[in-house]
Student: 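First the structure, which I've put down as structure tokens, then a few questions once you've had a look.
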Amino acid sequence: MTDDVLTRPPVHALLADGTMVCIRPARRSDHEQLHGLYEEMSPENLRLRFFAASRRSAALAADRACGPARPGYRALVAEIADRIIGLAEYGVTDSQDSAEYGVTDAEHTAEISIAVADGLHHRGVGTLLVEHLVSAARAEGITAFTADALSENHEVLRLFADLGLRTARRFDGPEVRCTIALDESDTYLTAVEERGRAADVASLRPLLRPETVAVVGAGRKAGSVGRAILHQLHAGDYTGRLFAVNPGAHAILGVPSCPSVSALPATPDLAVLAVPAAALADTAEECGKAGVRALLVVTSGLDAAQSDALLTACRAHGMRMVGPNCLGISNTDPALRLDATFAARHPRPGTAGIAVQSGGVGIALLDGLSRLGIGVSSFASLGDKYDVSGNDMLQWWESDGRTDLALLHLESFGNPRAFSRTARRVTRRMPVLTVDAGRTDAGRRAAASHTAAAATRTMTRGALFTQAGITATHSCGELLETAALMHSQPLPAGSRVAVVTNAGGAGVLAADACAEAGLTLPAPTPELVDDLLAVLPAGAAVGNPVDATAAVTEEQLTACVDRIMRYGGIDAVLVALVPTAVAAATGDDLIRALTHAAPGSRPKPVAAVRLEQGLPVELLPAEGGGTVPAYAEPQAAARALAHAARRAAWLARPAGTVPVLDDVDTARAHAVVDTYLEENPDGGWLAPRVCAELLDCYGIPQLPWAWADTEDDAVLAADRLRGADGRVVMKGHWPGLLHKSAQHAVHLDLRGDHQVRAAFRDLETRFAGLLTGVVLQPLAPRGTELFAGVVQDEVFGPLVLFGLGGTATEVLADHAARLAPLTDHDVHDLITAPRCAPLLFGAHGGGPVDLTGLERLLLRLSRMASDLPQLAEADFNPVLATPGGVTVLDARVRLLPRRPQDPYLRRLR
């Protein structure tokens with residue numbers, strides 16, 4: 001079997017210390033290097049590898065790895081700068097004792113071996129190679145690795161034990177037999193993720209914590225981008241060594257300059273490249289040869305050849321890169337003070353991390369956070385994002401010890417599933433906020449009822465953000481408004497808000513804004529009413545909103561807010577204030593009622609609305625430290641509180657798990673798919689028989705049906721399928737038919753043989769030359785018609801959709817979506833998100849449908865999509881839901897010849 005993972009171009013990945021290596025299949029031309037790899041091993045390491053210090057064994061091992069391709073054998077090498085530093089290989093075996101370790105005889109096993117060059121142990125070379133072998137073996141249907149090792153070979157035994165896979169050992173004298181099950185558990189993914197995080201952070205240190213920086217292309221005259229960045233670094237008091245590279249100057253802006261990178265007195269950790277696009281690749285090559293470890297490329301306008309050459313130079317020399325076409329990077333750590341941007345102002349030091357693709361958005365966020373006083377921990381303008389991504393920055397912020405708020409503006413995702421796992425972990429520790437950019441199809445309704453038409457990119461991104469716990473806003477302004485609240489206030493326990501005002505009209509506006517944002521305004525209890533009336537001036541109206549009147553004093557407002565804070569039925573307080581002559585005459589500052597409290601003394605969030613405020617949002621300093629957010633519009637305050645409430649709800653819910661489905665026949669499903677694609681190399685929509693067989697592999701319930709090629713067959717089939725009422729349904733079929741109802745290719749409520757024959761003849765006449773047969777089913781009982789489907793997104797992977805079905809699905813477009821694989825929480829959210837959800841729970845006295853059955857259906861659909869990358873689209877419409885069960889009445893599945901890809905495999909973009 002050909003493994004697509006191994007037939008692709010070489011991939012690059014990171015070792016534990018951040019060093020970049022190339023992982024690729026062994027080639028015949030590697031023989032000399034592989035033989036040398038073993039020849040250079042110490043006798044002791046040779047003995048541990050081959051159980052004897054045999055040079056003959058080394059030669060045989062090199063011969064085997066470089067031999068002709070053969071089924072069931074794979075050999076991968078790791079190399080740095082064209083030098084092979086490690087080899088890992090497996091060969092399929094007939095293991096007789098693997099059942100002892102939880103692997104049945106029917107499953108494939110392979111013997112694995114590893115070799116790492118002397119002097120390069122303990123850097124993760126072997127572990128990285130094994131991870132790539134695991135991914136390749138799974139694609140080939142191998143379910144377990146076996147390995148023999150000497151019991152004193154502690155390094156390799158520890159490697160197997162720490163993989164995160166189920167491993168068993170059997171000791172036989174001085175030898176140990178290890179069996180490693182290759183199931184893709186969350187334990188394994190978490191272990192891979194943690195190794196990847198540590199390696200990623202190590203690789204970013206030369207970029208974000210450089211000890212030496214060189215700006216290549218800094219001009220002698222004002223106006224160049226390179227000169228602007230050099231000025232920012234110099235004027236910002238960068239604490240490391242700083243150089244310019246310009247062949248015509250000895251110094252620029254007082255910074256020493258050399259004619260080339262190789263002529264610098266010290267090797268830079270980071271080189272900033274501000275040279276013409278045509279010179280980029282050669283400049284990057286020069287940096288790599290000089291030992292530079294990271295590049296910041298601000299140049300724009302690269303063509304395809306220039307882009308390839310630039311990335312090739314970075315990969316060949318193991319350099320991480322931000323850009324090209326970017327604003328720059330900064331790290332405000334007082335011990336570093338790195339500002340390698342051409343923004344007009346230095347960012348204020350603080351605790352918010354920013355990653356953007358748009359330089360203009362980056363400047364807006366830098367200025368906004370600096371103005372608010374939140375400040376910035378580190379900033380990266382990713383530009384065209386050839387290498388360093390938002391995923392990298394999230395992992396950096398998670399580990400830097402300074403960041404407590406992450407802000408993203410990403411226009412594209414390289415590996416959304418890996419990003420989602422990282423984000424789910426990081427959002428447990430800090431808020432991660434984003435602008436949902438590129439919502440060009442936000443208002444588009446589906447033009448057709450099949451799944452791919454219903455799924456929009458906006459819906460897909462929304463599913464990613466929701467499942468990962470990311471707070472998605474619609475603008476940079478909303479992002480800053482929400483950041484202000486989350487930075488300064490505790491999260492609310494729920495969505496219940498009390499509105500307090502000194503002007504009735506402002507209170508009404510605030511109440512409307514809260515309701516529109518999805519917040520609730522509960523009425524106060526009689527006890528709370530009495531408490532508030534006791535402290536407020538005469539004439540106050542104590543409802544929700546609380547109208548404290550223009551006569552309220554600072555002391556009275558303080559007492560009012562404090563009492564509401566102690567009330568258990570409220571989760572947040574929104575105070576809408578307008579300036580009055582009464583307060584001015586008495587010298588009262590009503591805002592002090594909100595800012596007088598010491599930090600932490602109020603366990604619930606409080607936000608102010610000041611309609612006269614000039615700026616959209618401000619953070620008002622509180623006595624004793626801390627801040628209180630104040631907004632110019634009640635809608636902004638309400639949106640921020642709603643985002644905070646959703647984050648609190650997400651954090652309060654335990655992480656979901658993907659339920660185990662024991663009665664799924666994945667092997668049979670793969671066989672069905674492979675057989676179909678062998679007969680139909682270009683893919684297509686499955687015929688009813690093949691479609692039903694595939695659904696049966698996953699236990700997806702289907703209404704009984706029969707296929708008929710002729711009129712007589714249709715009559716016989718109808719006789720077998722008729723229920724108690726004797727009625728059947730006939731559906732015409734031909735390849736590519738998507739909308740049977742729209743084509744009038746369906747006959748309902750057929751009674752008796754005469755009507756069946758008439759219906760068949762009608763379809764045969766109207767669709768002559770197209771019709772290949774008909775499907776007959778018993779007439780389904782009454783119930784709620786739903787829609788369930790899946791579409792494989794080329795970037796995001798499988799997306800599961802659910803909502804209202806039947807012929808109205810394309811008109812109402814009442815669908816929700818989540819990315820597969822679905823957890824138990826995802827399924828619940830998917831069922832409750834559409835507007836039709838109340839129908840499922842028994843609205844209007846109809847009684848709830850079989851919710852457990854509905855969850856099972858969606859989980860099985862998710863599993864099918866996750867198992868089969870060739871499944872381009874599945875469309876179940878309608879799905880009949882009744883109190884007694886859930887049944888698919890009509891199913892269509894489209895396959896395409898796609899190779900499996902491992903989204904969690906450690907590799908660079």
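Positions are given from 1 along the sequence.
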Student: Side-chain polar contacts of residues 625-640 - donor-acceptor pairs under 3.5 angstrom, sequence neighbours left out - could you list them?
Tutor:
| residue | atom | partner | partner atom | Å |
| --- | --- | --- | --- | --- |
| Tyr631 | OH | Glu481 | O | 2.9 |
| Arg639 | NH2 | Glu481 | OE1 | 3.2 |

Student: When you look at CZ of Arg345, are more than 12 heavy atoms from neighbouring residues, nucleotides or ligands closer to it than 6.0 Å?
Tutor: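 12 or below, so no.
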Student: Where do Leu405 and Ala483 come nearest, in terms of heavy atoms and distance?
Tutor: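 Looking at all heavy atoms of both residues, the closest pair is CD2-CB, 3.8 Å.
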Student: Determine whether more than 12 heavy atoms belonging to other residues, nucleotides or ligands lie under 6.0 Å from atom NE2 of His828.
Tutor: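 No, because the 6.0 Å sphere around NE2 of His828 holds 12 heavy atoms or fewer from other groups.
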Student: Assess whether atom NE2 of His825 is packed by more than 12 heavy atoms of other residues, nucleotides or ligands within 6.0 Å.
Tutor: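 For His825, atom NE2 is crowded (more than 12 foreign heavy atoms under 6.0 Å).
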Student: Quick check on Arg371: does its CZ atom have over 12 non-hydrogen neighbours (other residues, nucleotides or ligands) under 6.0 Å away?
Tutor: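 Yes, because the 6.0 Å sphere around CZ of Arg371 holds more than 12 heavy atoms from other groups.
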Student: For residues 352-359, which side-chain donor-acceptor pairs fall under 3.5 Å, sequence neighbours excluded?
Tutor:
| residue | atom | partner | partner atom | Å |
| --- | --- | --- | --- | --- |
| Gln357 | OE1 | Glu411 | N | 2.6 |
| Gln357 | OE1 | Ser412 | N | 3.0 |
| Gln357 | NE2 | Gly383 | O | 3.3 |
| Ser358 | OG | Gly360 | N | 3.4 |
| Ser358 | OG | Val361 | N | 3.2 |

Student: Using a strict 4.0 Å threshold on nitrogen-to-oxygen distance, state whether Arg209 and Asp400 make a salt bridge.
Tutor: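 Answer for the salt bridge query: no.
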Student: Would you compute the distance between atom CG of Leu366 and atom CG of Asp339 and round it to the nearest 0.5 angstrom?
Tutor: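 Going from the CG atom of Leu366 to the CG atom of Asp339 covers 8.5 Å.
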Student: Using a strict 4.0 Å threshold on nitrogen-to-oxygen distance, state whether Arg592 and Glu623 make a salt bridge.
Tutor: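 No salt bridge links Arg592 with Glu623.
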Student: List the steps, then state whether side-chain hydrogen bond (donor to acceptor under 3.5 Å, both in side chains) holds for Arg197 with Ser399.
Tutor: CA-CA 9 Å; Arg197 184 199 62 79; Ser399 306; 2.6 Å; yes
Student: Among all residues two or more places apart in sequence or in another chain, which pass the side chain to side chain contact (heavy atoms under 4.5 Å, CB included) test with Arg337?
Tutor: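 Only Asp237, Thr239 meet the side chain to side chain contact (heavy atoms under 4.5 Å, CB included) criterion with Arg337.
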Student: Does Val552 reach the side chain of Leu590, with side-chain heavy atoms less than 4.5 Å apart?
Tutor: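 Heavy-atom side-chain distance check passes, below 4.5 Å.
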Student: Begin from the C-alpha positions of Asn391 and Ser389 and carry the test side-chain hydrogen bond (donor to acceptor under 3.5 Å, both in side chains) through to its verdict.
Tutor: CA-CA 5 Å; Asn391 199 40; Ser389 66; 5.2 Å; no
